[in-house]
Amino acid sequence: MSSINQARKTIKALNSTYKIVHVTELSTLGKLSELRGKAEAAVSYYETILKSLRWVRKTMYTGNKQVKEEKNITAIAITSERGLCGAYNSEVFEEIDQLIATLGDQVKINWVVVGEQGHRYLTKLGQNITSYLQFSLENIDLETTMGVTADFVDQINAQEIDALYVIFTKYFNAVHSEAMCEKIYPDIPEASGAEVVEVDYVLDYEHDDEQVEQLLLENYLCGLLYSMFRYSVASEYCMRRIAMKQAKDNIQKQLEEAIFDARKQTLQQKTSELLDVISGAQTIRKEEE
């Protein structure tokens with residue numbers, strides 16, 4: 001009887017866990033569309049700024065910029081605050097390891113971390129963490145992103161940053177996300193072959209070319225970082241949904257096995273009781289004879 005009671009407790013526990021995992025999966029799935037929409041809106045914004053930035057650098061600003069040796073490297077690592085999101089964090093960690101290996105021991109990387117998981121990992125590696133941004137990516141807004149970007153721009157102007165990298169996770173669709181590392185400063189993406197800017201007029205404005213370029217750069221970096229933040233949190237929810245789906249399927253399988261075992265034990269118990277009754281009846285009949 002104790003084994004049957006234990007089986008019933010197991011079934012009850014699995015049912016409760018199944019409901020929790022199922023609710024988590026549905027709530028995660030419901031947020032994906034909104035998160036992706038905000039990320040794509042940010043992409044449209046920074047791509048527009050990027051076109052203007054390319055135009056300024058190509059047609060207006062004629063100063064000769066020397067290529068600096070990149071000694072002061074800042075890298076942003078975007079991870080999650082908690083687990084239960086499958087391979088999301090581990091894939092980001094792989095990109096971190098690869099960047100460290102690529103830059104080599106001669107370069108010191110100043111890390112800016114988003115997410116407790118990344119903070120723990122970089123601390124374990126003994127990396128130099130200069131800033132730990134403790135804000136909710138799900139609730140990130142442009143104002144917060146502008147503040148983060150302004151800090152980077154100030155460091156760039158003070159020549160404290162020669163290159164800026166971002167390790168984030170790009171969201172593609174509900175079943176596909178990919179961790180990647182992008183260098184967002186000083187390099188900017190080149191224009192495609194179809195994008196050609198031709199002008200036959202001269203713009204007159206109050207600021208110097210360098211100031212216009214810096215303003216565009218700040219807005220470009222802000223839009224780019226905002227999209228990366230949004231893509232990362234969408235990817236986190238995407239992978240958490242997949243992890244919850246896998247967990248739900250696993251629990252369902254365990255539940256079916258537990259129900260089968262419980263029915264088997266109940267049947268065996270009833271069969272045993274019936275055999276005892278038959279055996280007792282046969283004994284009584286023999287005694288009477």
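None of the values given here were measured: they were computed from a predicted structure. Position 1 is the first residue of the sequence, and the numbers go up from there.
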Asker: Does a sphere of radius 6.0 Å around CE in Met180 hold more than 12 heavy atoms from other residues, nucleotides or ligands, not counting ones at 6.0 Å or beyond?
Answerer: yes
Asker: Taking the six-membered ring for Trp, is the centroid-to-centroid distance between Tyr220 and Tyr185 below 6.0 Å?
Answerer: no
Asker: Does Asn89 use its side chain to pair, donor to acceptor, with the backbone of Gln117 at less than 3.5 Å?
Answerer: no
Asker: Are Leu224 and Leu137 connected into the same hydrophobic cluster when the rule is that any two of I, L, V, M, F, W, Y join if their side-chain heavy atoms are below 4.5 Å apart?
Answerer: yes
Asker: Would you give the length of the straight line joining atom CZ of Phe152 to atom CG of Leu221, rounded to the nearest 0.5 angstrom?
Answerer: 9.5 Å
Asker: Is it possible for you to say whether Ile76 and Leu103 belong to one hydrophobic cluster, with membership spreading through side-chain heavy-atom contacts below 4.5 Å?
Answerer: no
Asker: Pair Leu217, Val153 - check side-chain contact (heavy atoms from CB on, under 4.5 Å), show working.
Answerer: CA-CA 9 Å; Leu217 177 63; Val153 172; 5.8 Å; no
Asker: Is a side-chain donor or acceptor of Thr144 paired with a backbone partner of Ile140 at a separation under 3.5 angstrom?
Answerer: no
Asker: Give a yes or no answer on whether the side chain of Thr130 reaches the backbone of Trp111 with a donor-acceptor pair at less than 3.5 Å.
Answerer: yes
Asker: Using modelled atom types and a 3.5 Å cut-off, is there a donor and acceptor pairing between side-chain atoms of Ser232 and backbone atoms of Ile78?
Answerer: no
Asker: Do the side chains of Val148 and Tyr165 join up, straight or via other hydrophobic residues, at under 4.5 Å, putting them in one cluster?
Answerer: no
Asker: Between the side chains of Asn110 and Thr74, does any donor sit under 3.5 Å from an acceptor?
Answerer: no
Asker: Can you tell me how far the CD atom of Glu160 sits from the CG atom of Asn157, to the nearest 0.5 Å?
Answerer: 10.0 Å
Asker: Within the side chain of Thr79, is there an N or O that forms a donor-acceptor pair under 3.5 Å with the backbone of Val114?
Answerer: yes
Asker: Rounded to the nearest 0.5 Å, what separation is found between the CG atom of Asn219 and the CE atom of Met146?
Answerer: 7.0 Å
Asker: Which distance, rounded to the nearest 0.5 Å, do you find between the OG of Ser235 and the CZ of Arg230?
Answerer: 12.5 Å
Asker: Output the distance between atom CG (Leu122) and atom CD1 (Ile100), rounded to the nearest 0.5 Å.
Answerer: 6.5 Å
Asker: Indicate, with yes or no, if Phe168 and Phe229 share a hydrophobic cluster defined by side-chain heavy-atom contacts under 4.5 Å among Ile, Leu, Val, Met, Phe, Trp and Tyr.
Answerer: yes
Asker: In terms of hydrophobic clustering (I, L, V, M, F, W, Y; side-chain heavy atoms under 4.5 Å; direct or indirect links), are Phe135 and Met228 co-clustered?
Answerer: yes
Asker: Does Gln98, at its CD atom, have more than 12 non-hydrogen atoms belonging to other residues, nucleotides or ligands within less than 6.0 Å?
Answerer: no
Asker: Please lay out, stage by stage, how Lys108 and Asn128 fare under the test side-chain contact (heavy atoms from CB on, under 4.5 Å).
Answerer: CA-CA 8 Å; Lys108 181 180 179 181; Asn128 180 42; 3.5 Å; yes
Asker: Between Lys183 and Glu70 (salt bridge meaning N to carboxylate O under 4.0 Å), is one present in this structure?
Answerer: yes
Asker: Measure from the ring center of Tyr231 to the ring center of Tyr171 and say whether it is less than 6.0 Å.
Answerer: no
Asker: Do the side chain of Asp162 and the main chain of Ile73 share a donor and acceptor less than 3.5 angstrom apart?
Answerer: no
Asker: Does any pair with a residue in residues 143-155 pass salt bridge (Lys or Arg N to Asp or Glu O under 4.0 Å), and if so which ones, sequence neighbours excluded?
Answerer: none
Asker: Are Ser177 and Tyr88 packed together at the side-chain level, in the sense that at least one heavy-atom pair is separated by less than 4.5 angstrom?
Answerer: no
Asker: If the condition is side-chain hydrogen bond (donor to acceptor under 3.5 Å, both in side chains), which residues does Glu116 pass it with, not counting sequence neighbours?
Answerer: Arg120, Tyr132
Asker: Is the shortest side-chain heavy-atom distance between His119 and Val113 below 4.5 Å?
Answerer: yes
Asker: As a quick check of understanding, evaluate side-chain contact (heavy atoms from CB on, under 4.5 Å) for Ile129 and Thr123, giving each step before the final call.
Answerer: CA-CA 8 Å; Ile129 301 175; Thr123 301; 3.5 Å; yes
Asker: With rounding to the nearest 0.5 angstrom, report the CD1 to OG distance, Ile96 to Ser90.
Answerer: 11.0 Å
Asker: Quick one: closest heavy-atom pair of Glu218 and Thr149, and the distance?
Answerer: O-CG2, 3.5 Å
Asker: Using every non-hydrogen atom in the two residues, find where Asn72 and Gln159 come nearest and quote the distance to one decimal.
Answerer: ND2-O, 3.6 Å
